[in-house]
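Below is one structure, written out as structure tokens; the observations come after it.
Lettering of chains follows the sequences in order, A, B, ..., and the numbering in each one begins at 1. Small disclaimer: the values here were computed from a predicted structure and weren't measured.
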There are 2 protein chains.
Amino acid sequence: MTTQPGSGTLRSRRIARSRQRLVETALPAFTERGYEAVTVDWLCDQAEVSKRSFFRYFDGKEDLALTPLNDVWRLLIADLDTVLDRSGPLLEVLGEALVAVVEQMPPGWERLAVLSARLSGTTPAVDAAGLLVCEGFTDQVVGAITQRLPGSSGAELSARVVCAVAVAGHRAAVDAWQSEPGAETTATRGELCALLRESFAAAPAALEIRLP
Amino acid sequence: MTTQPGSGTLRSRRIARSRQRLVETALPAFTERGYEAVTVDWLCDQAEVSKRSFFRYFDGKEDLALTPLNDVWRLLIADLDTVLDRSGPLLEVLGEALVAVVEQMPPGWERLAVLSARLSGTTPAVDAAGLLVCEGFTDQVVGAITQRLPGSSGAELSARVVCAVAVAGHRAAVDAWQSEPGAETTATRGELCALLRESFAAAPAALEIRLP
DNA sequence: ATGCCAAGTGCCACTGAGTGCCAGTTTGGT
DNA sequence: ACCAAACTGGCACTCAGTGGCACTTGGCAT
């Protein structure tokens, strides 16, 4: 997690710092020397964490690489119950919640998030792990929706479709954001939020697209 | 590939037979003894293929596990140019093409496809690989669409969204198909096609879903 | 038929991710 | 100060996947 230190017990702060150190070491290294050229062993050396602990802190190398981006989804999942208490079109609700979560990420988040996004576009293994996290998000939403709208036939499929659109919108926005010139130094979360809103606003009409 | 032998050169038929033997050995073994309990070495032993060749035939263990399902997407991608020559709503065109591809899979396909689908629901690593293949499909469609509809602003996002919906529809259909009681012996591709049509027909309305 | 060549193959050693185990060390509560 | 539970490090291990290289073999031109 990209958690700012200072909260929780001593122990959990130590863990947060170790994680942070690993992410901070890893993402630039991945970018400069290539994802597979950087080994977990080397990273553990650098960050002074044992390999064993590494795998306690992260689900794997891909999870590490995706930490900044995954944190967004994880936070959104954690807030799901609150989010779904709102009313209105599900797609809009999810879109606004996504923007809200991005806005509350800790300062400095964008620097690492850009690297994470690029990596995801470059390295299939990382991309796949990202898709899996989004799939987990979908499952959560589907579960929550079928619980809230019991009996309404087709609610499950609807939830699935809406989540798929939300994920696609998010991916498109992040992709555009990350590929802006000079993004590694100047990309702001404000820009990302704008792109997200754009994608989500355009999505409903997108289904209409026809071949001539 | 789930290719029926008899076509191509002697050499390519040998390869096809080896692949087939591996798939035929692997999927039941994965199902009975668990995905990670079955090692690639053991499979190579059983199918009398060297490990080196295994990795020439498949992109990896996950690719092997997903062969029946992936073949559908690969075939669809191969036919993309023909498919996109049709006119009408993109989502419908893709849906019909998907059904058509399923219908032309070789006989006996469903038996292995069911196993593949279950595995994908059980084993995250397999699921992730499947998502990646779908992502590849999306990229192909997006490429083809932006080439065919140049200048139309937002075509890329639209294509992305439609593909996301198509993939979600496919997943929902396969999921329902695979979990029917007794699917391992009685699931027919006719049933799958019906489910696919259902999902695709219901998808456009799904975006409207609202929270109360 | 023959013989050449590139594509395909088997084997072996190697790397690197990820896990099981277990004995030691914090740390929070009492 | 003490204890149980949570956490840690280190080590050996498994297994997926790759590189390298000598060897076979199917396809083809002659």
(request) Could you work out which one of dA17(C), dG17(D), dG9(D) sits closest to the side chain of R56(A)? (result)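 Given the options dA17(C), dG17(D), dG9(D), the side chain of R56(A) is closest to dG9(D).
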
(message) If you only use heavy atoms from C-beta on, which nucleotide in dG20(C), dG10(C), dA16(D) is closest to the side chain of D41(B)?
(response)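 Nearest listed nucleotide: dA16(D).
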
Between [N] ([atom2]) and [X] ([atom1]): distance, integer Å:
X: Y35(A); N: dG17(D); atom1: OH; atom2: P; result: 14 Å
X: E36(B); N: dG18(C); atom1: CD; atom2: C1'; result: 12 Å
X: F55(B); N: dG8(C); atom1: CZ; atom2: P; result: 19 Å
X: I15(A); N: dG9(D); atom1: CD1; atom2: P; result: 10 Å
X: F54(A); N: dG16(C); atom1: CZ; atom2: P; result: 14 Å
X: D59(A); N: dG18(C); atom1: CG; atom2: C1'; result: 12 Å
X: K51(B); N: dT14(D); atom1: NZ; atom2: C1'; result: 10 Å
X: E62(A); N: dG18(C); atom1: CD; atom2: C1'; result: 11 Å

(message) Going by side chain to side chain contact (heavy atoms under 4.5 Å, CB included), L196(B) matches just one of E96(B), E191(B), H170(B), R189(B). Which one?
(response)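 Running side chain to side chain contact (heavy atoms under 4.5 Å, CB included) over E96(B), E191(B), H170(B), R189(B) with L196(B) returns exactly one hit, H170(B).
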
(request) May I ask you to verify whether the side chain of R52(B) and the base of dG8(C) hold a donor-acceptor pair under 3.5 Å? (result)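 Between dG8(C) and R52(B), which were checked side chain against base, a qualifying N/O pair under 3.5 Å is absent.
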
(message) Between S50(B) and K61(A), which residue's closest nucleotide on DNA chain C lies nearer the 5′ terminus?
(response)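 Taking each residue's closest nucleotide, the earlier one in sequence belongs to S50(B).
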
(request) Evaluate whether atom CG of D59(B) has more than 12 neighbouring non-hydrogen atoms of other residues, nucleotides or ligands under 6.0 angstrom away. (result)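 Count not over threshold, so no.
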
Before accepting this row, confirm whether a basic side-chain N of the pair [X]/[Y] lies closer than 4.0 Å to the acidic partner's carboxylate O.
X: R111(A); Y: E24(A); answer: yes
X: R19(B); Y: D63(B); answer: no
X: R171(B); Y: D139(A); answer: no

(request) May I ask you to evaluate whether Y57(B) reaches the phosphate of dT9(C), defined as a side-chain N or O under 4.0 Å from OP1 or OP2? (result)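 So the side-chain polar atoms of Y57(B) do come within 4.0 Å of the phosphate oxygens OP1 or OP2 of dT9(C), strictly under.
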
(request) Answer yes or no: does a side-chain N or O of S53(B) lie under 4.0 Å from OP1 or OP2 of dG10(C)? (result)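 Checking S53(B) against dG10(C): at least one side-chain N or O falls below 4.0 Å of OP1 or OP2.
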
